[in-house]
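Quick notes on the structure that follows.
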2 protein chains.
Amino acid sequence: MPYEFDDAIVAVPETGGIYRTPIIGGWDIGVNANGGYLMARAAHAMRMASGRRDPLTVTAHYLAPALAGDASCVTEIVKSGKRISTVVATLRRDDRELMRLIGSFGEVQSESTAHYVTATPPDLPPIEECVARRNQPTPIPMGIAQRVSLFIHPDDAGFSSATPPGVGRMRGWFSFADDRPIDTLALLLAADAFPPTWFNIFGSQGWVPTLEMTVHVRAVPAPGPLRCSFTTRVVQGNCYEEDGEMWDSNGVCVAMSRQLALAPLVAT
Amino acid sequence: MPYEFDDAIVAVPETGGIYRTPIIGGWDIGVNANGGYLMARAAHAMRMASGRRDPLTVTAHYLAPALAGDASCVTEIVKSGKRISTVVATLRRDDRELMRLIGSFGEVQSESTAHYVTATPPDLPPIEECVARRNQPTPIPMGIAQRVSLFIHPDDAGFSSATPPGVGRMRGWFSFADDRPIDTLALLLAADAFPPTWFNIFGSQGWVPTLEMTVHVRAVPAPGPLRCSFTTRVVQGNCYEEDGEMWDSNGVCVAMSRQLALAPLVAT
């Protein structure tokens, strides 16, 4: 039986670098597709166009909220080098652009002539001591919380209570609800699957529009759930950044992400 | 008398969103234009196309080294919203693409309905106690080190000695050599003007090719030099990230940057 995520990112090539890339319902926040799902969705078509195995770095600018339904991804290979291909893409529905992306694809290397790691994985309690996202009350339906298994650090789960922690942090475990293995493409989903850090700072749970998100894939994940950590250090000018790190079961940093988001209610 | 940087980023509009954008010599590392200069150079044309004041977030993928000489920047406005315009661009020479970019432009706001800052500016000694980059010995000529005034934290200046500090850090003061005011566009230059953190980790001073760089502009800088800090925490798979922060004289975080670079000698 196919995994839900693979069904949700199917890309059917047509001519001229165009892929049919329907946006599948159920990966939503309210009625709109989750931003990480949309990025992975488009990046899968870009990866197919590149003929490479892994996204190395992908940037998406979010242009419009996306309901489930037909969509297409128009890809263009900018450069195909010896080891890396750079691809740009437009995710669109009819005449409306939903997202623009640029990414470089290749093969994440496990060997390295140089090694230096001072970052450390977040200190998380075991999954059974964390808070299941799918059981938390939400002001709007969260389809995506049924597709992925998020278990949030108890210290960071207070946003849905009357006393948010007031700290720009969100840590927890990520895996797929149907236990699909986490490949490098799924890291793009993981980078935006958790509740926004904003919730923990300000306690509100409104729609937080992402302007731009970039994900660096740094290693192929080993089997097992990811330890994830998202941090915000500067909220000003009605914008904030959210920096993510994803770590695999071997304690390897498999991805870093950063997004720039608008404070809720600041329209573009 | 015009400032050197303004001369170096002149963009002359032609038809169809194309700008003549010559790459000016002197902003180089060896014979190749510095990556931050190239990004600011293209982003200036994108900003003109957008009709907005500030770059908010710009991402560049570097495709080929760029010698000084004629170049053009082909811009396309993807979306023009109420407050933000998204623009893509290609910097090219003849038939060769040098860089692809995507950026969103608008007006960085000084007021904010929400405020939360836990990041702090780097602790730097006064400029006169720092090491002038322009006086350091370099294995190849560094034109850019004459255009900008970089004063490096004494603890981070060891890369040019026999005993590099072995720490992924580079901190220092940034300003223009001719005292041009630092506007939001110049932050893109500042984000890649310092020697790579790689030098301080491994002691080597080879060419470090940037694959991708993203800069978030977070505030309009107050007058005076910037306090800058660049950090690397994960070198593996022949790639590393470099995270930058730029702070103005009022202690405000004016930009955050992140680049993914290839370990020297790993060809694309």
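Please read these numbers as outputs of a predicted model, since none were measured by experiment. Chain identifiers are assigned alphabetically (A, B, ...) following the order of the sequence lines, protein sequences preceding nucleic acid strands; residue numbering begins at 1 within each chain.
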Could you give me the CA-CA distance, side-chain angles and deciding distance for A:E76 and B:R100, then say whether side-chain contact (heavy atoms from CB on, under 4.5 Å) is met? CA-CA 12 Å; A:E76 179 203 345; B:R100 279 275 184 140; 2.8 Å; yes

Have A:H61 and B:S104 got a donor and an acceptor in their side chains that come within less than 3.5 Å? yes

Contact part of B:L260 toward chain A, heavy-atom cut-off under 4.5 Å: side chain, backbone, both or neither? both

Is there a side-chain contact between A:Y240 and B:Y116, using heavy atoms and a 4.5 Å cut-off? no

Apply side-chain contact (heavy atoms from CB on, under 4.5 Å) to residues B:T59 and A:E212 and explain how you reach the verdict. CA-CA 9 Å; B:T59 292; A:E212 174 263 330; 4.1 Å; yes

Which atoms of B:T214 are under 4.5 Å from chain A, going by heavy atoms: the side chain, the backbone, both sets, or neither? side chain

Rounded distance (nearest 0.5 Å) linking atom SG of A:C239 with atom NE2 of B:H216: 9.5 Å

Does CZ in B:R53 sit with more than 12 non-hydrogen atoms of other residues, nucleotides or ligands closer than 6.0 Å? yes

May I ask you to name which of A:G166, A:A114, A:G168 has the most heavy-atom pairs under 4.5 Å with chain B? A:A114

Tell me, please, which residues at least two apart from B:R218 pass side chain to side chain donor-acceptor pair (under 3.5 Å). A:E241

Run the side-chain contact (heavy atoms from CB on, under 4.5 Å) test on A:V235 and B:V117 for me, step by step, so that the C-alpha distance in whole Å, both residues' side-chain angles and the decisive distance to 0.1 Å come before the verdict. CA-CA 6 Å; A:V235 180; B:V117 178; over 6 Å; no

Distance from B:T113 atom OG1 to A:Q236 atom CD, nearest 0.5 Å? 12.5 Å

For B:Q259, is it the side chain, the backbone, both, or neither that has a heavy atom closer than 4.5 Å to a heavy atom of chain A? backbone

Contact check, side chains of A:R233 and B:E245, non-hydrogen atoms, under 4.5 Å: yes

Decide yes or no for A:V78 and B:L63: does some side-chain heavy atom of the first lie under 4.5 Å from some side-chain heavy atom of the second? yes

Interface residues of residues 43-50 of chain B facing chain A - heavy atom cut-off under 4.5 Å: none

Would you mind checking which part of A:V234 comes under 4.5 Å of any heavy atom in chain B, side chain (CB onward), backbone (N, CA, C, O), both or neither? both

Between CE of B:M213 and OG1 of A:T57, what distance do you get to the nearest 0.5 Å? 12.5 Å

Answer yes or no: is there a donor N or O on one side and an acceptor on the other, between the side chain of A:R258 and the main chain of B:S257, under 3.5 Å? yes

If you tally heavy-atom pairs under 4.5 Å against chain B, which of A:V167, A:T120, A:L101 wins? A:V167

Atom NE2 in A:H115, atom CZ in B:F202: separation rounded to 0.5 Å? 9.0 Å

Drop me the distance from A:Q109's CD to B:L262's CG, to the nearest 0.5 angstrom. 9.0 Å

Out of curiosity, B:N238 CG to A:E111 CD, how far, rounded to the nearest 0.5 Å? 9.0 Å

